Amino acid sequence: MLRANPGLVVQGLGATLGGREVLRGISLEVAAGEMVALIGPSGAGKTTLLRAIAGLLASNGEIIAQGQPALVFQQHALANRLTARDNVLVGGLGRMGFWRAALRLWPRAEMALAEASLARVGLAGLGGRRADRLSGGQRQRVAIARALHQQSHILLADEPVASLDPALAEGVLSLLQDLARRHGLAVLVSLHQHDLAARFADRLLCLEDGCLKNA
């Protein structure tokens with residue numbers, strides 16, 4: 001169980017890409033233990049917003065969070081030739097340093113944490129399997145485990161079920177819901193499937209043309 005935390009607060013966030021303003025005055029809150037779905041059409045700025053909150057894009061405004069938010073990328077961003085365990089361990093680079101990853105000199109404590117993260121997403125016993133030998137649903141779960149390995153209290157997920165069939169999509173969203181409710185994470189997930197968002201999220205936020213609208 002992770003420590004209690006106040007969740008995520010974003011106030012007046014704006015972002016510009018290529019000279020064009022793509023996010024304007026975004027304010028939102030996600031409480032610890034809550035899963036919030038960000039919905040909206042393609043090109044609305046959902047990915048940009050999540051990347052800005054994660055600190056991967058320059059933005060203005062204020063982001064209040066306990067620690068660095070962890071981002072689950074839409075296309076997994078796994079190294080195919082590495083095992084599931086090694087992909088998860090990459091999430092701990094901030095603690096270990098790049099040279100350990102390059103030489104795969106993982107501390108035992110990090111190895112144990114990686115296995116625990118895999119177990120939390122339902123992949124116990126699959127740590128030694130190469131990423132390119134995992135199913136699409138398993139690969140997405142490894143990506144979530146890697147984010148968990150960052151030991152963040154805030155989990156951001158960018159269209160995590162876009163390439164999955166309905167049954168696998170429901171499994172991944174159920175997992176994210178469980179991580180919020182049982183483990184106290186603040187979870188913000190972008191989705192284009194309104195029906196799934198309504199079923200699994202505690203609240204919906206609608207992003208259109210770089211602004212939040214009523215869902």
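All values reported here derive from a predicted model rather than from experimental measurement. Throughout, residue positions are numbered sequentially from 1 according to the sequence presented.
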Check the surroundings of atom CG in Asp209: do more than 12 heavy atoms from other residues, nucleotides or ligands lie under 6.0 Å from it? no

So CZ of Arg203 and CD of Glu34: to nearest 0.5 Å the spacing works out to 4.0 Å

Could you measure the distance from the CD atom of Gln193 to the CD atom of Glu170? Nearest 0.5 Å is fine. 10.5 Å

Determine, using the 4.5 Å side-chain heavy-atom cutoff (strictly less than), whether Val142 and Leu113 are members of one ILVMFWY cluster.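 Val142 and Leu113: separate clusters.
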
For the residue pair Gly7 and Ile154, what are the closest heavy atoms and their distance? O-CD1, 3.7 Å

Please examine the side chains of Val72 and Leu156, heavy atoms only from C-beta on, and report whether any two atoms are closer than 4.5 Å. no

Looking at Pro41 and Glu208, what are the two nearest heavy atoms and their distance? CD-CG, 4.1 Å

Walk me through whether Met35 and Leu176 qualify under side chain to side chain contact (heavy atoms under 4.5 Å, CB included). CA-CA 8 Å; Met35 177 170 162; Leu176 292 173; 4.0 Å; yes

Side chain to side chain, Asn60 and Leu13, heavy atoms closer than 4.5 Å: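 A side-chain contact is absent here, since even the closest heavy-atom pair is not under 4.5 Å.
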
Spatial distance of atom CG (Leu23) from atom CG (Leu17) [nearest 0.5 Å]: 7.5 Å

Per the salt bridge (charged side-chain N to carboxylate O under 4.0 Å, His left out) rule, what does the pair list look like for residues 171-181, sequence neighbours excluded? Asp178-Arg182, Arg181-Asp202

Applying the 4.5 Å side-chain criterion to the ILVMFWY set and letting contacts propagate, would Leu164 and Phe200 be lumped into a single cluster? yes

Residue pairs, two or more places apart or on separate chains, that pass salt bridge (charged side-chain N to carboxylate O under 4.0 Å, His left out) and touch residues 132-153: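 Listed by first then second residue: Arg130-Asp132.
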
Decide whether Leu134 and Ile144 are clustered together by the hydrophobic rule: side chain heavy atoms of Ile, Leu, Val, Met, Phe, Trp, Tyr closer than 4.5 Å, transitively. yes

Check: Leu191 and Leu38 side chains under 4.5 Å, non-hydrogen atoms: no

Listed once per pair and sorted, the side-chain hydrogen bond (donor to acceptor under 3.5 Å, both in side chains) pairs that draw on residues 154-166, sequence neighbours left out: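 Residue pairs passing side-chain hydrogen bond (donor to acceptor under 3.5 Å, both in side chains), neighbours aside: Thr47-Asp158, Asp158-Ser190, Glu159-His192.
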
Do side-chain atoms of Lys213 reach the backbone of Leu205 as a donor and acceptor pair under 3.5 angstrom? no

Looking at every heavy atom in both Pro69 and Ser152, which two are closest together, and how far apart are they? CA-OG, 3.6 Å

Test side-chain contact (heavy atoms from CB on, under 4.5 Å) applied to Leu56 - qualifying residues, sequence neighbours left out: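 Leu56: side-chain contact (heavy atoms from CB on, under 4.5 Å) contacts with Arg51, Ala54, Leu71, Phe73.
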
According to the salt bridge (charged side-chain N to carboxylate O under 4.0 Å, His left out) rule, which pairs have a member within residues 76-85, sequence neighbours left out? Arg85-Glu115

So, for Gly184 and Ala32, which heavy atoms are closest and what is the spacing to 0.1 Å? O-CB, 3.6 Å

Counting only N and O atoms by type, is there a donor-acceptor contact under 3.5 Å from the side chain of Gln177 to the main-chain atoms of Ser174?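 The answer is no, because no donor-acceptor pair under 3.5 Å joins these two groups.
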
Would you give the length of the straight line joining atom CD of Gln151 to atom OG of Ser117, rounded to the nearest 0.5 angstrom? 6.5 Å

Which pair of heavy atoms, one from Leu168 and one from Gly137, lies closest together, and at what distance?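 Closest pair (atom of Leu168, atom of Gly137, distance): CD1-N, 4.1 Å.
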
Does a side-chain heavy-atom distance below 4.5 Å link Gln140 with Val161? no

Does any non-hydrogen side-chain atom of Leu28 lie less than 4.5 Å from one of Leu212?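 Yes; the side chains approach each other to less than 4.5 Å.
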
Decide yes or no on side chain to side chain contact (heavy atoms under 4.5 Å, CB included) for Ile63 and Leu8, but give the supporting numbers first. CA-CA 8 Å; Ile63 299 171; Leu8 170 69; 4.0 Å; yes

Which atom names give the shortest non-hydrogen contact between Val90 and Trp106, and what distance separates them?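 Scanning both residues, the minimum pair turns out to be N-CH2, 4.5 Å.
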
NE2/His149 to CG/Leu93 distance, rounded to the nearest 0.5 angstrom?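 Answer rounded to 0.5 Å: 8.5 Å.
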
Contact list for residues 10-33, test side-chain hydrogen bond (donor to acceptor under 3.5 Å, both in side chains), sequence neighbours left out: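 For residues 10-33: none.
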
Main-chain N/O of Leu78 paired with Asn87 side-chain donor or acceptor, under 3.5 Å: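 It does not hold such a pair.
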
Quick one: does Leu148's side chain get under 4.5 Å of Arg120's, heavy atoms only?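 With C-beta onward as the side chain, the pair touches.
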
With clusters defined by side-chain heavy atoms of hydrophobic residues (ILVMFWY) lying less than 4.5 Å apart, directly or transitively, does Leu207 cluster with Val10? yes

Check whether Leu82 and Met111 end up in the same hydrophobic cluster, where Ile, Leu, Val, Met, Phe, Trp and Tyr are linked by side-chain heavy atoms less than 4.5 Å apart.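 No: no chain of side-chain contacts under 4.5 Å links Leu82 to Met111.
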
Any side-chain heavy-atom pair of Val187 and Val36 under 4.5 Å: no

